[in-house]
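Here, residue 1 is the first one in the sequence, and each next residue gets the next number.
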Amino acid sequence: MTEFPDILIRVLRQAERVAALTGAGVSQESGLRTFRDAQTGLWQQYKPEDLASPEAFTRDPKLVWDWYAMRREKVREVQPNAGHYALAEMGHRVPHFTLITQNVDGLHRKAEQTLKVSKTFRVYPILELHGNIQRVRCSECGMVADAWEENGDVPRCAGCGGMLRPDVVWFGESLPRSELEAAVEAARGCQVFLSVGTSGIVQPAAALPFAAKNKGAVVVEVNLEPTPLTEKADFFLQGKSGEVLPELVRAVWPQA
Ligand code: BJW
Ligand code: ZN
């Protein structure tokens with residue numbers, strides 16, 4: 001059981017604007033491996049950093065497509081965990097909540113959909129900074145789709161014949177402009193900024209907690225281990241997000 005400082009509970013309870021940035025750690029308890037965990041089986045010989053790039057796709061499109069196909073299947077098999085639900089509950093409780101995620105698994109949206117069945121549930125923006133693995137995009141014309149024909153090879157665009165690729169953001173590529181702008185605005189305008197389950201090394205997402213801190217926000221980090229943010233954070237809650245976040249929500253909103 002985590003003991004939370006009274007001041008943290010008070011600040012969160014009174015906050016009108018809260019932003020949360022999440023990374024792969026938040027989905028770890030759903031059964032998805034984090035981005036920088038060692039890979040297993042056939043994929044052991046590859047580093048994820050070497051597959052998630054436009055250069056890798058140009059060099060060997062089938063290899064990159066197959067890696068994403070394997071991960072897409074895993075994502076389809078798993079469900080949001082207590083950490084995703086705690087963030088969704090926070091979204092419902094805080095007047096202006098913004099959920100910023102680097103994850104491409106769509107589990108935050110799934111958690112929100114589950115809780116939204118109640119008519120009184122307050123919706124909040126979910127900004128997917130690195131795209132979504134369940135969508136594809138044509139590498140030639142940019143057409144985006146969430147359904148396509150599998151043919152054992154890299155599927156082709158029905159419009160122009162270009163190769164389809166996952167609609168995610170690879171190293172060296174730009175993040176979707178409106179999502180990034182909204183994330184920066186949320187970070188600069190919030191009273192509390194939570195950074196959850198991210199190693200905090202991939203830019204520009206990693207800069208968001210620092211932008212919040214520079215504008216006077218209270219920065220709270222939840223992670224299994226320290227990261228480059230930890231020294232700057234006002235509170236470091238060490239532990240699993242699926243355990244720490246539900247406890248935090250119960251401490252701040254005991255009626256939840
Ligand atoms: C738990 C837990 C539990 C585990 N509970 N916690 C400025 C300076 C230096 C470099 C750059 C820079 N600006 C841009 C760059 C280059 C690059 C970059 O940042 N490189 C760094 C590696 C140095 N950035 C880019 O290229 C970005 N584009 C860009 O900026 O364009 C303009 C530009 C280009 C080039 C130069 C300059 C400007 C694009 C970045 C796109 C990242 N895409 C990926 C792949 C997405 C698709 C896919 O999934 O395959 O996004 S990479 C990968 O990293 C993925 C993740 O979203 C992202 C972040 O990883 P995350 O989520 O933090 O996961 P992990 O595994 O690293 O960490 C997990 C954490 O959880 C750990 O801390 C655990 O302890 C913790 N944990 N279990 C709580 N139960
Ligand atoms: Zn096309």
Side-chain angles (χ1 to χ4, degrees), residues 21-24 26-27 30 32-36 39 42-43 45-78 80 98-113 123-187 198 201-208:
L21 169 70
T22 67
V26 85
S27 296
S30 291
L32 297 179
R33 80 185 37 253
T34 63
F35 195 78
R36 284 167 183 79
Q39 303 208 89
L42 278 179
W43 298 101
Q45 56 186 309
Y46 302 102
K47 278 182 28 201
E49 291 91 327
D50 298 336
L51 293 167
S53 76
E55 294 77 19
F57 189 66
T58 304
R59 199 168 46 237
D60 194 341
K62 178 82 167 87
L63 177 80
V64 174
W65 178 266
D66 286 349
W67 184 54
Y68 279 94
M70 176 276 288
R71 290 176 56 204
R72 193 182 297 118
E73 270 315 299
K74 287 239 158 72
V75 166
R76 286 196 180 134
E77 287 163 10
V78 303
T98 307
L99 205 153
I100 308 162
T101 188
Q102 299 168 85
N103 298 344
V104 297
D105 56 33
L107 289 178
H108 287 298
R109 222 173 273 286
K110 220 168 170 180
E112 190 209 32
Q113 296 293 331
V123 293
Y124 51 87
I126 298 178
L127 307 172
E128 293 181 323
L129 291 185
H130 294 165
N132 192 301
I133 200 169
Q134 305 296 354
R135 287 192 309 260
V136 292
R137 173 156 44 98
C138 173
S139 53
E140 299 292 332
C141 73
M143 181 272 313
V144 173
D146 48 22
W148 61 94
E149 295 255 331
E150 287 288 351
N151 59 5
D153 206 340
V154 180
R156 298 275 173 172
C157 171
C160 80
M163 272 190 285
L164 296 180
R165 51 161 286 179
D167 189 21
V168 299
V169 182
W170 284 330
F171 285 115
E173 296 185 323
S174 303
L175 276 66
R177 185 203 285 256
S178 64
E179 271 83 354
L180 181 59
E181 282 174 1
V184 171
E185 197 183 316
T198 174
I201 54 177
V202 175
Q203 298 292 349
L208 293 170

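Remark: the backbone N or O of P54 is not paired with any side-chain donor or acceptor of E173 at under 3.5 angstrom. Here the side chain of K47 pairs no donor or acceptor atom with the backbone of R36 at under 3.5 angstrom. A distance-only check finds no donor-acceptor pair linking the side chain of S27 to the backbone of S30 [under 3.5 Å]. Side-chain atoms of N132 come within 3.5 Å of backbone N or O of Q134 as a donor-acceptor pair. Looking only at distances, a side-chain donor or acceptor of N103 sits under 3.5 Å from a matching main-chain atom of A24.
A cation-pi arrangement is not found for R71 relative to W43, the charged atom failing to lie both closer than 6.0 Å to the ring centre and inside a 45° cone about the ring normal.
Within the 4.5 Å cutoff, the side chain of K62 has heavy atoms near those of the D60 side chain. Side-chain contact check for P155 versus V136: every heavy-atom pair is 4.5 Å or farther apart. For the pair L63 and Y46, the minimum side-chain heavy-atom distance is below 4.5 Å. Residues L208 and L129 have side chains in contact (heavy-atom distance under 4.5 Å, counting atoms from C-beta outward).
The minimum heavy-atom distance between K110 and V78, with the atom names listed, is NZ-O, 3.5 Å. Contact record, C160 with C157: N-SG, 3.4 Å, taken as the closest heavy-atom pair. Contact detail for E140 and G162: the closest heavy-atom pair is CG-CA, 3.4 Å.
Of the inter-residue distances, the one linking L107 atom CG with L32 atom CG reads 6.0 Å to the nearest 0.5 angstrom. Taking CE of M163 as the start and CH2 of W65 as the end, the distance is 11.0 Å to the nearest 0.5 Å. In this structure, CG in L99 is found 5.5 Å from OG1 in T22, a value given to the nearest 0.5 Å. Distance OG/S178 to CD/E185: 11.5 Å, rounded to 0.5 Å. Atoms CG and CH2, on L51 and W170 in that order, are 10.0 Å from each other to the nearest 0.5 Å. Rounded to the nearest 0.5 angstrom, K74 NZ and R33 CZ are separated by 6.5 Å.
Classification of E112 and R109 as a salt-bridged pair fails, no side-chain N sitting under 4.0 Å from a carboxylate O.
Judged as a side-chain hydrogen bond (donor to acceptor under 3.5 Å, both in side chains), the pairs with a partner in residues 150-160 (not counting sequence neighbours) are, in order, W148-E150.
For the side-chain contact (heavy atoms from CB on, under 4.5 Å) with L164, the qualifying choice from E149, R137, M143 is M143, the only one to do so.
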Go through the steps to decide whether V168 and H130 satisfy the test side-chain contact (heavy atoms from CB on, under 4.5 Å), and finish with yes or no.
CA-CA 5 Å; V168 299; H130 294 165; 5.7 Å; no
